[in-house]
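This report concerns only the one structure given below.
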Amino acid sequence: MNRLKVLDVYSLRLLLTLLMLSGISVSVGISSWFSTRDSKHQIEELFDAQMLQSAKMLELFYHDEEDFKAPQELPQVLHVPDSQVSTFAEKADALKLAYEHKLAFQIWSEAGQALVFSDNIGRQPITKFVQGYSKKVFEGELWHVFSFFSVKHKVWIVTAQQDEVRQELVSQIMHNAVIVPLIVVPLTLLIVSLLFYILFRPLKSFERELMARSPNDLTPLTMSLPKELVPVRRALNQYISSIAHFIARERRFSADAAHELKTPLSVIKLHQQGLEGLVGEGDAERIHLAAIDAGVKHMSHTVEQLLLLARVDSIAELNVQPHPLLPMVEDALNQLMPLITDYEWNIEVDAALTLNCDRFYLLIVLKNIIENACKYSPDETQICISAALTDAYVEIKIADRGQGMTHEQIASATERFYRVNENEGIGAGLGLSICHHIIDLHQGQLTITPRENGGLVVTLLLPQ
C-alpha cells in the first residue's frame, strides 16, 4: 500500500523536465569547461607567438650601436602612456590604446648594457639572458617574458606582457560560458514546460472524460489520442467490454433466478395454506407452518427485490415529468397498509410542492425508505416525513426512532446485499441500493445521517 502511495505522487512530466534540464546543464557545463580549457591554451599560444613575432620585428628594425652618433644617446627609452583603460570592455582612442601599458620590451647588448627599453618596465633586466619563455614578477605584477638573442646584431631582445591580459580574456570567456547557460536554461525550462503542457493535454482530456463518466456508462472510449496512448485506450475499452459483459450476465442470472423462484414459492405458499386448513388450532404442526410462512414471505420479498433490481439496472431513460409530492407520499403510505398502522405519523409536505421525477420509480424509493423506517422502529414511535424547497432542489427527509446505525454501517448501507445484522434475516440488503441507484438516475443525492436522541434520517435531494 505504501508503495502504491509513492507511485501515486510520481510525476512523469516533472521527471522528464528534470532529466532534460539535468542533461542540458551537464552538457553545457562540460562544454564550457572544455571550451575554457582549450581557449586558455590557445590564448597562451597566441600571445606567446605575438611576443615571438614582436621580438623578430624589433630585430628587423634595430640599428647597431655604430649607427648612433653619440654614446650618450644610449639607452633609447620609449615612453608608454597609461591610457587608464584597464579592461577590454572599455574603449580607448587611437593614440592611447588599451593595454599598451601592459606590454613592454628591452634590448640589451651582449655585454649586458641596456640599449633600448620601454619605460613601463624599467631598465632593470627582466630576463636571465636565456633564450625562451619565462615568467617574472615586477612591481607586484606577473609578466610573461620572451628572450631572443640576435646573432646578426649581437643583442638580446626581450618582449614582455602582463599576465593580467591573458587572465582577463580567459575570465571573459568563462563569464560568457556561465552567462549563456543562465539565460538558456530558464528559457529552455519555459519552452519545455510549454511543450509538455501541449503534449500532455490529450492525457488530461482523457482523464477528464473518464472522471466525467457515470458508473453506468460502459460505452467504448472514442476520443482522439496520440499514437502512444492508443494502446491504453484499446486496453481500457477491452476492460470496459469485459465488465459490461460480466454485469449483463450477472443481471440476467439474477432476473432469471428470480423468475424461476416465483413459481416454486407460489406452490409452497399454496400448500402451506392448504395444510393450515387440515391442522387444528392447538396442534404443534402450526409452529412449523408458521416458520414456513415466514420463510416464504422472506424469500418472496427477496425475489421481488431482485426483479426490481434487474428492472432498475436496465433503465435506459426515465420518464421525468412535474408531479406534486404530497400525493406520492400518500400513495406510498396507502400501499404499505397495514404496516404503517402501528406508528404515529408526522407529515409536513406542502400540497403545492412539485418536483420533476419519474413517478413510478420515485414511489418505489419512498415505499422502500418508509418500509425500512417501520421495520426498524418500535411500535407507537413517531416517523416524520417532511419536504422543503432549497434553491433549485427539493429536500425530502424521512426520520425514524429506530435502532440507528454506526458511521461505518452508514458508509456501507447503499451497497448491494449489505445488511446491518446478518443474523436478523430481515430484508435482502437491496432496498437502499435500489433507492440510491434511482436517485442517481434523477441527478440527485441520497444521504443517511444519525438522528439526535436515536434513529436515522434519510434525506433525498432532487431537482425541482
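In this chain, residues are counted from 1 in sequence order.
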If you apply the rule side-chain contact (heavy atoms from CB on, under 4.5 Å), what do you find for L461 with I439, and how did you get there? CA-CA 8 Å; L461 197 63; I439 297 300; over 6 Å; no
Please determine whether side-chain contact (heavy atoms from CB on, under 4.5 Å) holds for the pair W156 and I107, giving the CA-CA distance in whole Å, both sets of side-chain angles, and the decisive distance to 0.1 Å. CA-CA 6 Å; W156 285 94; I107 300 178; over 6 Å; no
Starting from the C-alpha separation in whole Å, work towards a yes-or-no answer on side-chain contact (heavy atoms from CB on, under 4.5 Å) for R401 and R451. CA-CA 8 Å; R401 286 298 180 187; R451 189 181 182 187; 3.5 Å; yes
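- Annotation for L456 and G404: closest pair CG-CA, 3.9 Å, computed over non-hydrogen atoms.
- Heavy-atom neighbours of M223 CE from other residues, nucleotides or ligands within 6.0 Å: above the threshold of 12.
- Salt bridge status for D400 with K375: absent, with no side-chain N to carboxylate O gap under 4.0 Å.
- Atom NE2 in H436 sits 9.5 Å away from atom OG1 in T447 (nearest 0.5 Å).
- Counting only heavy atoms from C-beta outward, the side chains of L142 and K135 approach each other to under 4.5 Å.
- The minimum heavy-atom distance linking S150 with I157 is given by the pair CB-CD1, 4.3 Å.
- Atom CD of Q53 has 12 or fewer neighbouring heavy atoms from other residues, nucleotides or ligands inside a 6.0 Å radius.
- Here the side chains of P220 and R233 are not in contact, with every heavy-atom distance at 4.5 Å or above.
- Judged by distance alone, the side chain of S241 and the main-chain N or O of N237 form no donor-acceptor pair under 3.5 Å.
- Side-chain atoms of T159 come within 3.5 Å of backbone N or O of M51 as a donor-acceptor pair.
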Would L190 and L194 count as a side-chain contact (heavy atoms from CB on, under 4.5 Å) if you check the C-alpha gap in whole Å, the side-chain angles of each, and the deciding distance to 0.1 Å? CA-CA 6 Å; L190 180 63; L194 180 61; 5.8 Å; no
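- A donor-acceptor pair under 3.5 Å is absent between the side-chain atoms of N356 and the main chain of V320, judged by distance alone.
- S412 contributes atom OG, which lies 11.5 Å from atom CG of L432 (distance to the nearest 0.5 angstrom).
- Considering all non-hydrogen atoms of both residues, I410 and P450 come closest at CD1-CD, 3.8 Å.
- The distance from atom CE of M57 to atom CD of Q50, rounded to the nearest 0.5 Å, is 11.5 Å.
- Here the CG-CD distance, from L103 to Q161, works out to 5.5 Å after rounding to the nearest 0.5 Å.
- Counting non-hydrogen atoms of neighbouring residues, nucleotides and ligands closer than 6.0 angstrom, the CD atom of E452 reaches no more than 12 such neighbours.
- Relative ring orientation between W143 and F138 is described as perpendicular, the plane-to-plane angle rising above 60° on a 0-90° scale split at 30° and 60°.
- Annotation: side chain of D440 is not in contact with side chain of L446 (no heavy-atom distance under 4.5 Å).
- Between Q131 and F149, the closest heavy-atom pair is OE1-N, 3.0 Å.
- Between E59 and K56, no side-chain nitrogen of the basic residue sits less than 4.0 Å from a carboxylate oxygen of the acidic one, so the salt-bridge criterion is not met.
- The closest side-chain heavy-atom distance from I396 to V329 is not below 4.5 Å.
- In this structure the side chain of L318 reaches within 4.5 angstrom of the side chain of Y361, judged on heavy atoms.
- Taking each heavy atom of R166 and D48 in turn, the nearest pair found is NH2-OD1, 2.8 Å.
- By the 4.5 Å heavy-atom criterion applied to side chains, T127 and K136 are not counted as neighbours.
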Please test H144 against D163 for side chain to side chain donor-acceptor pair (under 3.5 Å), starting from the C-alpha separation and ending with a verdict. CA-CA 6 Å; H144 292 263; D163 183 67; 2.7 Å; yes
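- When atom types are taken as modelled, the side chain of T381 and the backbone of S377 share no donor-acceptor pair closer than 3.5 angstrom.
- By the 4.5 Å heavy-atom criterion applied to side chains, L353 and L326 are not counted as neighbours.
- Distance alone, capped at 3.5 Å, places no donor-acceptor pair between the H442 side chain and the L462 backbone.
- The two residues V158 and W108 come nearest to each other via the heavy atoms CG2-CD1, 4.3 Å.
- Judged purely by atom type and a 3.5 angstrom limit, R359 has no side-chain atom pairing as donor or acceptor with the backbone of H323.
- Side-chain contact between L355 and L362 is present, with heavy atoms from C-beta onward closer than 4.5 Å.
- Within the model, atoms CG of L221 and CG of L210 stand 5.5 Å from one another, a figure rounded to the nearest 0.5 Å.
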Enumerate donor-acceptor pairs with a distance under 3.5 Å from any side-chain N or O in residues 383-394 to protein atoms, sequence neighbours excluded.
none

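- Remark: Q167 CD is packed, more than 12 non-hydrogen atoms of other residues, nucleotides or ligands lying under 6.0 Å away.
- At distances below 3.5 Å, not a single donor-acceptor pair connects side-chain atoms of E141 with backbone N or O atoms of Q162.
- Here the CD1 atom belonging to I364 is positioned 7.0 Å from the NZ atom belonging to K367, to the nearest 0.5 angstrom.
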